[in-house]
Amino acid sequence: MRFRWFGDYWIGMAVLLVITVSSLWLARQGSLTLYIHPRYVVFTTLLCTMGLACAALGLTLQRHRPPVLVRPRLSHVLVGGLCLMLCAALLIVRPTSLSSQAASQRGINISDSVISNTTLEDLTGPSVDYSQFTLKEWVSLLAQTSDPNLYTGKQATVVGFISPDPDNSPNILYLSRFVVTCCAVDARPVGVPLYRPGWKQTLKAGQWLKVGGTFVANPDIVTPPIVLEPQSLQVVEEPHDPYLY
């Protein structure tokens with residue numbers, strides 16, 4: 001009796017099936033955007049569907065082939081086992097977005113390519129409607145100018161999760177979100193600084209907030225020079241799509 005089931009062919013087939021099925025399951029649940037940019041969801045779904053069809057065809061053809069003994073390579077077994085475990089984790093563990101801890105580790109507002117992808121003229125033109133600004137657009141504007149006259153009287157409503165101030169200021173917290181370019185691996189955290197003295201007594205890192213307020217010069221006269229002073233603050237649930245693009 002020859003044991004064809006342990007050959008490299010079957011290791012590869014198992015990996016292909018688990019990857020395609022887990023990816024399609026995540027797409028069906030609407031959770032694939034927690035891992036990749038929405039523009040790649042259709043492409044990924046189509047590719048996985050084609051992979052599943054090819055796997056089914058390969059299994060059908062394999063039934064008509066005579067059994068042969070093929071010894072699997074140890075490296076193939078290890079890589080295949082690792083892929084299977086990672087894919088199984090995707091199916092077992094509830095998909096979650098990147099955390100405030102990840103934001104602190106990656107550094108808030110340190111990627112110019114993420115923050116300043118629009119010019120100052122684009123953000124301050126006569127036809128600009130500041131009431132429609134997203135958190136990312138406010139971050140981009142704050143990164144390009146700290147002129148207090150520009151922010152006078154401007155209202156902002158932003159939604160994000162709490163990240164502590166990198167300089168450990170007791171009065172400053174950041175309302176943050178991750179900006180995804182391709183996938184969660186390259187996600188970069190951006191945030192608007194909020195002036196909230198003693199915020200750690202009532203709030204905690206990772207909580208999602210909806211904040212409305214006006215921008216003012218930092219009363220502590222330290223960086224950041226411009227901060228959002230909340231006039232309304234509400235704890236909310238994490239949005240269905242927590243990332244910005």
Side-chain angles (χ1 to χ4, degrees), residues 34 96-118 120 123-124 130-180 184-245:
L34 293 177
T96 58
S97 60
L98 294 169
S99 64
S100 60
Q101 183 178 3
S104 299
Q105 292 172 346
R106 299 188 184 190
I108 299 174
N109 298 350
I110 64 171
S111 176
D112 292 338
S113 63
V114 171
I115 299 172
S116 303
N117 57 353
T118 51
L120 184 60
L123 297 170
T124 58
Y130 291 97
S131 65
Q132 300 300 315
F133 267 27
T134 64
L135 184 143
K136 180 183 176 182
E137 289 167 324
W138 282 118
V139 170
S140 183
L141 183 58
L142 289 166
Q144 297 183 66
T145 178
S146 57
D147 180 5
N149 296 322
L150 178 64
Y151 299 95
T152 301
K154 289 183 172 58
Q155 298 282 327
T157 301
V158 288
V159 176
F161 62 84
I162 296 174
S163 294
D165 176 43
D167 296 325
N168 295 319
S169 169
N171 300 328
I172 300 293
L173 62 97
Y174 277 79
L175 202 63
S176 308
R177 295 182 80 160
F178 281 90
V179 177
V180 173
V185 174
D186 66 27
R188 292 293 178 265
V190 298
V192 169
L194 269 62
Y195 185 75
R196 181 81 172 182
W199 67 270
K200 292 184 179 180
Q201 298 176 10
T202 57
L203 302 169
K204 61 182 180 180
Q207 280 185 308
W208 281 81
L209 303 177
K210 181 178 182 180
V211 176
T214 56
F215 287 97
V216 297
N218 191 339
D220 291 343
I221 320 178
V222 293
T223 56
I226 303 295
V227 294
L228 181 62
E229 190 171 52
Q231 296 172 337
S232 64
L233 187 150
Q234 178 184 3
V235 177
V236 297
E237 295 292 329
E238 178 180 310
H240 175 71
D241 190 356
Y243 299 144
L244 299 174
Y245 306 99

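- Thr145 is linked by a side-chain contact (heavy atoms from CB on, under 4.5 Å) to Leu120, Leu141, Asp147, Leu150, Tyr151, counting only residues two or more places apart in sequence or in another chain.
- Minimum interatomic distance between Gly107 and Pro189 (heavy atoms only, all atoms of both residues): O-CG, 3.3 Å.
- Under the 3.5 Å distance criterion, the side-chain polar atoms of Arg177 are left unmatched by any main-chain donor or acceptor of Val190.
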Which is it for Leu203 and Leu209 under the side chain to side chain contact (heavy atoms under 4.5 Å, CB included) test, yes or no, and what are the steps along the way? CA-CA 10 Å; Leu203 302 169; Leu209 303 177; 4.1 Å; yes
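- At most 12 heavy atoms of other shown residues, nucleotides or ligands fall within 6.0 angstrom of atom CD in Gln101.
- Here the closest heavy-atom approach between residue Pro193 and residue Ile226 is recorded as CG-O, 3.4 Å.
- With sequence neighbours left out, the ring-ring contact (aromatic ring centres under 6.0 Å, His included) criterion links Phe133 to Tyr130, Trp138.
- Within a 6.0 Å sphere centred on NZ of Lys204, other residues, nucleotides and ligands contribute 12 heavy atoms or fewer.
- Leu228 pairs in a side chain to side chain contact (heavy atoms under 4.5 Å, CB included) with only one of the listed residues (Val216, Leu194, Leu175), which is Leu194.
- Take Pro219 and apply the side-chain contact (heavy atoms from CB on, under 4.5 Å) test, not counting sequence neighbours, and it matches Tyr195, Val227.
- By the side-chain contact (heavy atoms from CB on, under 4.5 Å) test, Ala187 pairs with Leu98, Arg106, Phe178, Val180, sequence neighbours left out.
- Here CD1 of Ile221 is found 8.5 Å from CG of Asn218. Values are rounded to the nearest 0.5 Å.
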Under 3.5 Å, sequence neighbours excluded: what are the donor-acceptor pairs made by side chains of residues 155-163?
from, atom 1, to, atom 2, distance (Å)
Ser163, OG, Ser176, OG, 3.3

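- Remark: Asn171 engages Asp220 in a side-chain hydrogen bond (donor to acceptor under 3.5 Å, both in side chains) (not counting sequence neighbours).
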- Arg196 vs Leu233, side chain to side chain contact (heavy atoms under 4.5 Å, CB included): CA-CA, chis, key distance, verdict: CA-CA 10 Å; Arg196 181 81 172 182; Leu233 187 150; 4.1 Å; yes
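- Applying the side-chain contact (heavy atoms from CB on, under 4.5 Å) criterion to Thr134, with sequence neighbours excluded, gives Lys136, Glu137.
- Under the side-chain hydrogen bond (donor to acceptor under 3.5 Å, both in side chains) criterion, Ser232 pairs with no residue at all, not counting sequence neighbours.
- The shortest non-hydrogen separation linking Pro224 to Tyr174 is CG-OH, 3.8 Å.
- Considering CD of Glu237 and CD of Gln207, their distance stands at 10.5 Å, rounded to 0.5 Å.
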| query | Could you go step by step and tell me if Gln234 and Trp208 meet the side chain to side chain contact (heavy atoms under 4.5 Å, CB included) rule? | reply | CA-CA 9 Å; Gln234 178 184 3; Trp208 281 81; over 6 Å; no
Criterion side chain to side chain contact (heavy atoms under 4.5 Å, CB included) on Trp199 and Ile172, from CA distance to verdict:
CA-CA 8 Å; Trp199 67 270; Ile172 300 293; 6.0 Å; no
